Amino acid sequence: MGLTLSLSQWDDPGVGSAAVAPTIEADYSPPRGNPVKQRKPTGGWRRWHRWLGLLVAMPVLVLSVTGILLNHVESLDWASEPLPPTLARSYGVPIPEQINGSPVDGHWYAQAGERLFVDGRAVAACSSPFQGAVAVQGLIVAGCGGELLLLQGEQLVERLRPAQGVPAFTRLGVAAGALILETDNRLLQFDPDRLGSAGAPSGDWQPAPLTPVPSTILSDLQAASVPAALNWQRLLQDLHAGRLFGRVGQWLMDLAALVLVVLALTGALVWARSRR
């Protein structure tokens, strides 16, 4: 506040000229400077809302992306697409680094994922272990877990089981153009047509060769070794639930979901108070 001195004139009957009389006027002006800001009641909630959002940003991003992909997994054809062998190993699936097969008449016969493959193409069911393949009387005979598979090219002609008279054998081979089965204690000449033993082999026998398959076929066989249930949909589900990272991952995703609830409540509270 300041004081202002001013002069006023008035007529005095006893004086010939106008007299000047001082007057005092009060002039008030507010003090200069920044006024004190009133703290908003939502400031604390805004701060918590911001820090909680930063804390769970990455888990929420994973939840959102995997949720969107899971919603469209059928249209993406990921429900039946097996995982690559590298990712399958992270689930503990024993993907072999090397697979043995039998080269017969310029083709490779091998077993992977309970199937028989010819040059990397699946042709028939084939149980473990794979006991080799040989050419006999115009057919290819493959041993799969004690069964004999008779093939013509890539076409399965017949499957012979122990119940049909096939003796228990560990390896198979040929001798003088006949099929030879190696049992625990001897060699037997087996006739697939008559489903019976024809006695001991005549001459030296040649067991079915089992050697590492070429790298061009190995990748297909390794991919076939991945179980059908271990597909991209399973991976997305495990990422979404945090199971891919064990118990810690599950708790982290649970915490992120709970924080999302808190963020929704604090966001609504901040908005409601800012409207007042």
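These numbers were taken from a predicted model, which means no experiment stands behind them.
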Ignoring hydrogens and geometry, is there a side-chain-to-backbone donor-acceptor pair from [X] to [Y] under 3.5 Å?
X: Thr183; Y: Ala168; answer: no
X: Gln206; Y: Ala175; answer: no
X: Ser102; Y: Gly132; answer: no
X: Ser225; Y: Ala112; answer: no
X: Gln152; Y: Leu139; answer: no

Can you tell me how far the [atom1] atom of [X] sits from the [atom2] atom of [Y], to the nearest 0.5 Å?
X: Thr170; Y: Glu182; atom1: OG1; atom2: CD; result: 4.0 Å
X: Leu235; Y: Arg243; atom1: CG; atom2: CZ; result: 11.0 Å
X: Asn71; Y: Thr66; atom1: CG; atom2: OG1; result: 11.5 Å
X: Leu172; Y: Trp205; atom1: CG; atom2: CH2; result: 7.5 Å
X: Leu160; Y: Leu149; atom1: CG; atom2: CG; result: 8.5 Å
X: Leu151; Y: His107; atom1: CG; atom2: NE2; result: 11.5 Å

Review point. Is Glu81 salt-bridged to Arg234, cutoff N-O under 4.0 Å?
Key: no

Check your understanding: Hey, quick one: are Leu230 and Leu76 part of the same hydrophobic cluster, counting side-chain heavy atoms closer than 4.5 Å, chains of contacts allowed?
Key -> yes

Check your understanding: Does the pair Val226 and Tyr91 meet the rule for a side chain to side chain contact (heavy atoms under 4.5 Å, CB included), with working shown?
Key -> CA-CA 10 Å; Val226 179; Tyr91 280 87; over 6 Å; no

Check your understanding: Looking only at heavy atoms, what is the nearest atom pair of Pro85 and Ile95, with distance?
Key -> CB-CG2, 3.9 Å

Revision key, fill the gap. The complete set of salt bridge (charged side-chain N to carboxylate O under 4.0 Å, His left out) pairs with one or both residues in residues 142-151, sequence neighbours excluded, reads Glu147-Arg159, Glu147-Arg161

Practice item. Return each pair, listed once, that meets salt bridge (charged side-chain N to carboxylate O under 4.0 Å, His left out) where at least one residue sits in residues 103-122; pairs must be two or more places apart or across chains. Key: Arg121-Glu154

Practice item. Check step by step if side chain to side chain contact (heavy atoms under 4.5 Å, CB included) holds for Val62 and His240. Key: CA-CA 7 Å; Val62 173; His240 191 77; over 6 Å; no

Review point. Are Ile99 and Phe130 close enough, and set up right, to give a side chain to side chain contact (heavy atoms under 4.5 Å, CB included), and what steps lead you there?
Key: CA-CA 10 Å; Ile99 296 177; Phe130 178 63; over 6 Å; no

